[in-house]
Amino acid sequence: MSARKFFVGGNWKMNGDKESLGELIMTLNTASLHDETEVVCGAPSIYLDYARSKLDRRIGVAAQNCYKVPKGAFTGEISPAMIKDCGVDWVILGHSERRHVFGESDELIGQKVAHCLESDLSVIACIGEKLEEREAGTTEDVVFAQTKVIADNVKDWSGVVLAYEPVWAIGTGRTASPAQAQEVHEKLRGWLRANVSDAVADSVCIIYGGSVTAANCKELATQADVDGFLVGGASLKPEFVDIINARL
């Protein structure tokens with residue numbers, strides 16, 4: 001198994017209220033979690049303060065998005081500075097729902113990555129192909145192009161986790177097979193080796209997202225280049241504990 005620390009992120013998306021999230025937080029706080037796994041929960045922006053104040057400090061908190069500048073006339077947006085002010089150290093950027101529902105471009109996502117890292121906010125940067133792109137055989141072209149824009153905006157990779165999330169597997173119940181996930185993760189690591197450095201390729205966590213559940217997480221976690229998960233729906237359920245402990 002690699003020396004990279006296993007990393008499990010939970011993306012709560014636009015779900016929950018103080019009551020239901022409070023129950024989830026209580027479950028996580030009292031659970032026996034693998035102490036070699038880094039855990040980060042992505043809360044809705046309105047609950048970032050609540051999540052950070054209630055969650056055990058061993059569990060990190062992430063914003064689900066932010067903008068590319070510190071402040072200004074950008075109604076409805078939040079900045080890295082605001083996220084940091086809530087005691088939160090992570091942000092999820094480039095999620096397929098931001099790309100394909102809200103129309104965020106590769107360029108904008110790259111600008112956000114740069115500003116967040118400059119603001120000392122760690123980034124879970126998402127990449128992934130749509131079903132028609134996979135069927136057309138362009139998966140590598142798509143994910144390499146997305147990764148290049150991210151890489152062009154990173155000076156220090158110690159604050160970056162790459163999340164490969166095939167769009168066709170997000171919220172659909174369809175999961176990339178362990179072999180499919182490993183194939184793309186291995187190629188992404190190879191791209192980093194060829195285009196960034198051996199050190200970055202060896203050290204950066206590349207995590208998988210797309211209908212990860214307690215039922216499929218253990219087999220996915222055995223793959224050499226799968227360094228963890230970004231979990232959607234299952235992160236709102238008690239089974240999230242089983243996913244965190246996939247390597248136990």
Asker: Grab the two heavy atoms, one from D198 and one from R193, that are nearest each other, plus how far apart they are.
Answerer: OD1-CG, 2.8 Å

Asker: What distance separates C41 SG from N11 CG, expressed to the nearest 0.5 Å?
Answerer: 10.0 Å

Asker: Taking all non-hydrogen atoms of both residues, which atom of V204 and which atom of V160 are closest, and how far apart?
Answerer: CG1-O, 4.1 Å

Asker: In terms of hydrophobic clusters joined by side-chain contacts under 4.5 Å, are I46 and W12 together?
Answerer: yes

Asker: Under 3.5 Å, is there a donor-acceptor pair between the side chain of Q64 and the main chain of G42?
Answerer: yes

Asker: Does some side-chain heavy atom of R58 sit less than 4.5 Å from a side-chain heavy atom of V39?
Answerer: no

Asker: Would you say F6 and E36 make side-chain contact, with heavy atoms under 4.5 Å?
Answerer: no

Asker: If the condition is side-chain contact (heavy atoms from CB on, under 4.5 Å), which residues does E135 pass it with, not counting sequence neighbours?
Answerer: L131

Asker: Does any N or O in the side chain of Y208 come within less than 3.5 Å of the main-chain N or O of G210, such that one atom is a donor and the other an acceptor?
Answerer: yes

Asker: Exactly one of V61, I25, I59, L21 should register a side chain to side chain contact (heavy atoms under 4.5 Å, CB included) with K54. Which one does?
Answerer: I25

Asker: Hydrophobic clustering (ILVMFWY, side-chain heavy atoms < 4.5 Å, transitive) - are V167 and V212 grouped together?
Answerer: no

Asker: Take a 6.0 Å sphere around CD of E219 and say whether it holds more than 12 heavy atoms from other residues, nucleotides or ligands.
Answerer: no

Asker: So, using salt bridge (Lys or Arg N to Asp or Glu O under 4.0 Å) as the criterion, who are the partners of D156 when residues are at least two apart?
Answerer: none

Asker: Mind checking whether F74 and Y67 have ring centres under 6.0 Å apart?
Answerer: yes

Asker: Please say yes or no: joined through hydrophobic side-chain contacts below 4.5 Å, possibly via intermediate residues, are V231 and L248 part of one cluster?
Answerer: no

Asker: Could you measure the distance from the CG atom of L188 to the CD1 atom of I206? Nearest 0.5 Å is fine.
Answerer: 5.0 Å

Asker: Between E140 and K187 (salt bridge meaning N to carboxylate O under 4.0 Å), is one present in this structure?
Answerer: yes

Asker: From D106 CG over to I127 CD1, what is the distance, rounded to the nearest 0.5 angstrom?
Answerer: 10.5 Å

Asker: Around atom NZ of K237, are there more than 12 heavy atoms of other residues, nucleotides or ligands at under 6.0 Å?
Answerer: no

Asker: For the residue pair G22 and Y50, what are the closest heavy atoms and their distance?
Answerer: CA-OH, 3.5 Å

Asker: So, are K218 and D242 salt-bridged, with charged N and O less than 4.0 Å apart?
Answerer: no

Asker: Treat each ILVMFWY residue as a node, draw an edge where side-chain heavy atoms are under 4.5 Å apart, and state whether I170 and V8 are in one component.
Answerer: no

Asker: Counting C-beta onward and ignoring hydrogens, is there a side-chain heavy-atom pair between R247 and T37 closer than 4.5 Å?
Answerer: no

Asker: Is a side-chain donor-acceptor pair under 3.5 Å present for W168 with E133?
Answerer: no

Asker: Give a yes or no on whether the backbone of D56 and the side-chain of N29 come within a donor-acceptor separation of less than 3.5 Å.
Answerer: yes

Asker: What are the two closest heavy atoms between C66 and V91, and how far apart are they?
Answerer: SG-CG2, 4.0 Å

Asker: Any idea which heavy atoms bring I243 and A234 closest together, and the distance?
Answerer: CD1-CB, 3.8 Å

Asker: Judged by modelled atom types alone, do K112 and N153 share a side-chain donor-acceptor pair under 3.5 Å?
Answerer: no

Asker: Which value, rounded to the nearest 0.5 Å, describes the distance between S197 atom OG and D202 atom CG?
Answerer: 8.0 Å

Asker: Should V142 and L162 be counted in the same cluster of Ile, Leu, Val, Met, Phe, Trp and Tyr side chains packed under 4.5 Å apart?
Answerer: no

Asker: Keeping R189 on the side-chain end and D225 on the backbone end, is there a donor-acceptor pair under 3.5 Å?
Answerer: yes

Asker: Can you check whether I109 reaches V149 side chain to side chain, under 4.5 Å on heavy atoms?
Answerer: no

Asker: Mind running salt bridge (charged side-chain N to carboxylate O under 4.0 Å, His left out) on K84 and D89 for me, showing each step along the way?
Answerer: CA-CA 6 Å; K84 294 286 290 183; D89 296 320; 3.6 Å; yes

Asker: Checking I78 against N65 for the side-chain contact (heavy atoms from CB on, under 4.5 Å) test, could you report, in this order, the C-alpha distance in whole Å, the side-chain angles of both residues, the deciding distance, and whether it holds?
Answerer: CA-CA 8 Å; I78 61 173; N65 188 37; over 6 Å; no

Asker: Evaluate whether atom NZ of K148 has more than 12 neighbouring non-hydrogen atoms of other residues, nucleotides or ligands under 6.0 angstrom away.
Answerer: no

Asker: Within the side chain of Q146, is there an N or O that forms a donor-acceptor pair under 3.5 Å with the backbone of G128?
Answerer: yes

Asker: For the residue pair T138 and E129, establish whether any side-chain heavy-atom pair is separated by less than 4.5 Å.
Answerer: no

Asker: Can you check whether E23's main-chain N or O pairs, donor with acceptor, with T27's side chain at less than 3.5 Å?
Answerer: yes

Asker: Under 3.5 Å, is there a donor-acceptor pair between the side chain of S203 and the main chain of A199?
Answerer: yes

Asker: Check E104 with R99, please: is the shortest side-chain N to carboxylate O separation under 4.0 Å?
Answerer: no

Asker: Near E19 CD, under 6.0 Å, is it more than 12 heavy atoms from other residues, nucleotides or ligands?
Answerer: no

Asker: Find the distance between CG (L48) and SG (C86) and round it off to the nearest 0.5 Å.
Answerer: 5.5 Å

Asker: Would you find a donor on one side and an acceptor on the other, under 3.5 Å apart, between the side chain of T172 and the backbone of R174?
Answerer: yes

Asker: Through direct or indirect side-chain contacts below 4.5 angstrom among Ile, Leu, Val, Met, Phe, Trp and Tyr, which residues connect to V161?
Answerer: F7, V40, W90, I92, I124, I207, L230

Asker: Which value, rounded to the nearest 0.5 Å, describes the distance between M14 atom CE and E97 atom CD?
Answerer: 10.0 Å

Asker: Indicate the ring-plane relationship of Y164 and H185, choosing parallel, tilted or perpendicular according to the 30° and 60° boundaries.
Answerer: perpendicular

Asker: Taking the side chain as C-beta and beyond, is there a heavy-atom pair between C126 and S96 under 4.5 Å?
Answerer: no

Asker: N195 side chain to W191 main-chain N or O, any donor-acceptor pair under 3.5 Å?
Answerer: yes

Asker: Give the C-alpha distance, both sets of side-chain angles, the deciding distance and a yes or no for side-chain contact (heavy atoms from CB on, under 4.5 Å) between L117 and K155.
Answerer: CA-CA 8 Å; L117 294 174; K155 295 174 183 174; over 6 Å; no

Asker: Quick one: does H115's side chain get under 4.5 Å of P80's, heavy atoms only?
Answerer: yes

Asker: Between K5 and E38, does at least one N-O distance fall below 4.0 Å, as a salt bridge requires?
Answerer: no

Asker: Is the closest side-chain heavy-atom distance between K68 and L108 below 4.5 Å?
Answerer: yes

Asker: side-chain contact (heavy atoms from CB on, under 4.5 Å) between I244 and F229: does it pass, once the steps are laid out?
Answerer: CA-CA 9 Å; I244 292 168; F229 307 114; over 6 Å; no

Asker: Work out which heavy atom in S235 is nearest to a heavy atom in G10; give both atom names and the distance.
Answerer: CB-CA, 3.6 Å

Asker: Is there a donor-acceptor contact under 3.5 Å from the side chain of N245 to the main chain of S32?
Answerer: yes

